[in-house]
A.B. asks: 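Dropping a structure here in structure tokens format, bear with me for questions.
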Amino acid sequence: MKNFRFAVCVAVVAFVVASCFSSRGGSNATGGEVTGVSGLSVSEPAPYGMVLVKRGSLKMGTEKTDSLWGKEMPTREISVDAFWMDEKEVTNAMYRQFVYWVRDSIIRERLADPAYGGDETYKIEEDKNGDPVTPHLNWNKALPRNPDEDQERAIESVYTYHPVTGEKMLDASQLNYRYEVFDYVMAAKRKYRLNASERNLNTDFQTDPNEVVMISKDTAYVDDEGIIHRETITRPLSSMWDFVNTYIVNVYPDTTCWINDFQNAENEMYMRLYFSHSNYNDFPVVGVNWEQANAFCNWRTDFLLKGLGGQAKFIQRYRLPTEAEWEFAARGKDGNELPWNQEGVASDKGCYYANFKPDRGNYTKDGNLITSKVGIYSANSNGLYDMAGNVAEWTSTVYTEAGVLSMSDMNPTLTYNAAIEDPYALKKKSVRGGSWKDPESFIKSAWRTYEYQNVGRSFIGFRCVRTQVGTASKAKR
């Protein structure tokens, strides 16, 4: 009886093991046939604040000559894969979270650095007459260390004071964000394979194992004076680390854009308060250049991944949309010239569909003088707000006159992260959507223009996208 029970137990265990093995894609009992290795299908949840733009195709550009400038837009039939896109433009509140994270990171590093605290305390610096000068913290090694004073010193060190008014403010010059990006595209190219025998699959040619392959990579560092140096270096390929690019970006937006973009205009209030005042929390962030927008995308990715554990490897990174993705998303499901389905830019009752410049010199005809809160106008058929007007938006694509004609017809783009020493002409990035200061012609989905990657404008913002993993297949009926 014991032997019988033992045999039954063994049979049951064997069945369970075989069933589990089979469910994971291993061999099963159907005559040794190959059944494939399967895994759990993961349905990616909608990222917070994003909507799914399903894959599809469109004729990018327009064959109509622009009536204002006589400018022709290059056209081409293209297809793009599905992607998630921010339903609204990145706001001041969202970007401020990034700025404060960088600020807090600097403080944490200084609190954890014994050399920063030392056996020091602080005093207010005075000039030769005994009057207080710019009241930043100074240290006197002769006095004993106090933990509370160390904490205060670290916090106060990221602030500065206006030399005339005494106003306390963040020291924007310190708010540098360093990040690294592994370039999967460059690493995948055959000419950069570490194994020389894999660089050419044509067996009629002998591979030279001693061939020196040169590769370029971006690097950056901060010198002793706090100045960011960024350059592209070219050197012999030696390891996978040659595909890691390093960037250091000062993340504080250029608030002076409100003055420099508009000569002889009373915009001091916007310069001082637009980014920092809570009344503008839900307005689109401006004064952020292309490099800062990319830094935000990287930070947003890392911020998300730290809370996902093992599932993080399945998540695509936040990034700027390509020029093709942006136009495809803006046109909506029917490929309209403007994001809305109606003709014209206003309803029969005179209600405008977007924030732009409806009349010569009359910015307020649509209800706004400058930017408006994001999302107050109706969304397009993809569920996206402000794809025309409010602020123009950065894309990841390098600007060329040829546009899409020089790209692939599948997920088209051109990318180049120009370094400081590169010619300035290489730093043009495509900007789409038109803004609050632009006329009707500029807010059409096909309209394209550019700005230099290191320039922040009072009329340019951005939104992020994420490629969807494993889009569903279906037969065309």
Side-chain angles (χ1 to χ4, degrees), residues 53 58-75 85-90 261-262 283-286 320-348 350-395 397 399 403-404 429-451 457-463:
V53 180
L58 81 153
K59 190 167 187 179
M60 192 173 168
T62 179
E63 294 174 341
K64 296 180 182 179
T65 301
D66 179 69
S67 59
L68 182 63
W69 299 103
K71 189 173 184 179
E72 294 184 0
M73 302 294 158
T75 62
M85 191 175 210
D86 282 334
E87 63 178 357
K88 300 173 184 176
E89 293 151 336
V90 173
D261 288 347
F262 300 94
F283 285 65
V285 67
V286 298
L320 294 178
T322 67
E323 192 176 356
E325 287 173 332
W326 196 97
E327 183 175 333
F328 178 68
R331 285 179 176 270
K333 295 177 180 177
D334 297 322
N336 297 319
E337 187 178 50
L338 287 160
W340 43 87
N341 296 325
Q342 297 83 355
E343 292 291 330
V345 295
S347 69
D348 295 338
C351 297
Y352 284 88
Y353 301 133
N355 176 17
F356 65 109
K357 185 180 178 182
D359 231 339
R360 182 176 299 179
N362 188 348
Y363 291 87
T364 63
K365 194 173 182 179
D366 58 12
N368 304 281
L369 176 61
I370 57 167
T371 57
S372 62
K373 284 187 177 183
V374 297
I376 66 172
Y377 294 91
S378 298
N380 72 357
S381 55
N382 283 323
L384 300 167
Y385 296 87
D386 299 313
M387 294 301 283
N390 210 12
V391 290
E393 298 176 14
W394 289 111
T395 74
T397 306
Y399 181 87
V404 74
K429 307 301 180 187
S430 291
V431 176
R432 289 301 198 105
S435 74
W436 58 270
K437 71 162 192 63
D438 292 320
E440 176 183 339
S441 179
F442 284 20
I443 67 172
K444 293 179 179 179
S445 300
W447 177 262
R448 57 195 302 266
T449 186
Y450 68 86
E451 187 51 83
R457 294 288 194 180
S458 60
F459 46 85
I460 297 180
F462 69 102
R463 70 181 80 209

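Since the model is a prediction, treat every value here as computed from it, not as a measurement.
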A.B. asks: Which pair of non-hydrogen atoms, one from Gly375 and one from Lys88, has the smallest distance, and what is that distance?
C.D. replies: CA-CE, 4.2 Å
A.B. asks: Looking at every heavy atom in both Glu87 and Gly383, which two are closest together, and how far apart are they?
C.D. replies: CB-O, 3.7 Å
A.B. asks: So, the side chain of Glu327 versus the backbone of Gly61: is there a donor-acceptor pair under 3.5 Å, distance only?
C.D. replies: yes
A.B. asks: Do the non-hydrogen side-chain atoms of Leu369 and Tyr363 ever get within less than 4.5 Å of each other?
C.D. replies: yes
A.B. asks: Once rounded to the nearest 0.5 Å, what's the spacing between atom CD of Glu343 and atom CG of Leu338?
C.D. replies: 8.5 Å
A.B. asks: Using 0.5 Å steps for rounding, measure from the CZ atom of Arg360 to the NZ atom of Lys365.
C.D. replies: 12.5 Å
A.B. asks: Identify the heavy atoms of Ser347 and Tyr353 that sit nearest to each other, and give their distance.
C.D. replies: CA-OH, 3.3 Å
A.B. asks: Is a side-chain N or O of Ser430 found less than 3.5 angstrom from the main chain of Glu323, in a donor-acceptor match?
C.D. replies: no
A.B. asks: How long is the span from the OG atom in Ser381 to the CZ atom in Arg331, to the nearest 0.5 Å?
C.D. replies: 12.0 Å
A.B. asks: Does any donor atom in the side chain of Asp366 or Thr364 lie under 3.5 Å from an acceptor atom in the other side chain?
C.D. replies: no
A.B. asks: What are the two closest non-hydrogen atoms of Val53 and Ala329, and how far apart are they?
C.D. replies: CG2-CB, 4.2 Å
A.B. asks: Does any part of the side chain of Glu451, heavy atoms only, come nearer than 4.5 Å to the side chain of Trp394, both counted from C-beta?
C.D. replies: yes
A.B. asks: Take Tyr352 and Val345 through the test side chain to side chain contact (heavy atoms under 4.5 Å, CB included) and record every step on the way to the result.
C.D. replies: CA-CA 6 Å; Tyr352 284 88; Val345 295; 4.0 Å; yes
A.B. asks: Does any non-hydrogen side-chain atom of Lys437 lie less than 4.5 Å from one of Arg457?
C.D. replies: no
A.B. asks: Measure the spacing between CH2 of Trp326 and OG of Ser445 and express it to the nearest 0.5 Å.
C.D. replies: 5.5 Å
A.B. asks: Kindly indicate whether the side chain of Thr62, heavy atoms from C-beta on, has any atom under 4.5 Å from the side chain of Lys444.
C.D. replies: no
A.B. asks: Quick one: does any side-chain atom of Asn390 pair with a main-chain N or O of Gly433 as donor and acceptor, under 3.5 Å?
C.D. replies: no
A.B. asks: Going through the checks in order, is the side chain to side chain contact (heavy atoms under 4.5 Å, CB included) test met by Lys373 and Phe283?
C.D. replies: CA-CA 4 Å; Lys373 284 187 177 183; Phe283 285 65; 3.4 Å; yes
A.B. asks: Does any non-hydrogen side-chain atom of Arg463 lie less than 4.5 Å from one of Asp386?
C.D. replies: yes
A.B. asks: Do the rings of Phe262 and Trp436 sit parallel, tilted or perpendicular, given the 30° and 60° boundaries?
C.D. replies: tilted
A.B. asks: Show the nearest heavy-atom pair for residues Asn362 and Pro358, with the distance to one decimal.
C.D. replies: O-CD, 3.5 Å
A.B. asks: Using only atom types and a distance under 3.5 Å, with no angle test, would you say the side chain of Asp334 pairs donor to acceptor with the backbone of Asn336?
C.D. replies: no
A.B. asks: So which heavy atom on Glu89 is nearest to which on Pro284, and how close?
C.D. replies: OE1-CB, 3.8 Å
A.B. asks: Do Lys429 and Thr395 touch side chain to side chain, with heavy atoms closer than 4.5 Å?
C.D. replies: no
A.B. asks: Among Ile460, Val431, Asn355, Thr371, whose side-chain contact (heavy atoms from CB on, under 4.5 Å) with Val391 holds?
C.D. replies: Thr371
A.B. asks: With no hydrogens and no angle check, is any side-chain donor or acceptor of Arg448 less than 3.5 Å from a backbone partner on Arg432?
C.D. replies: no
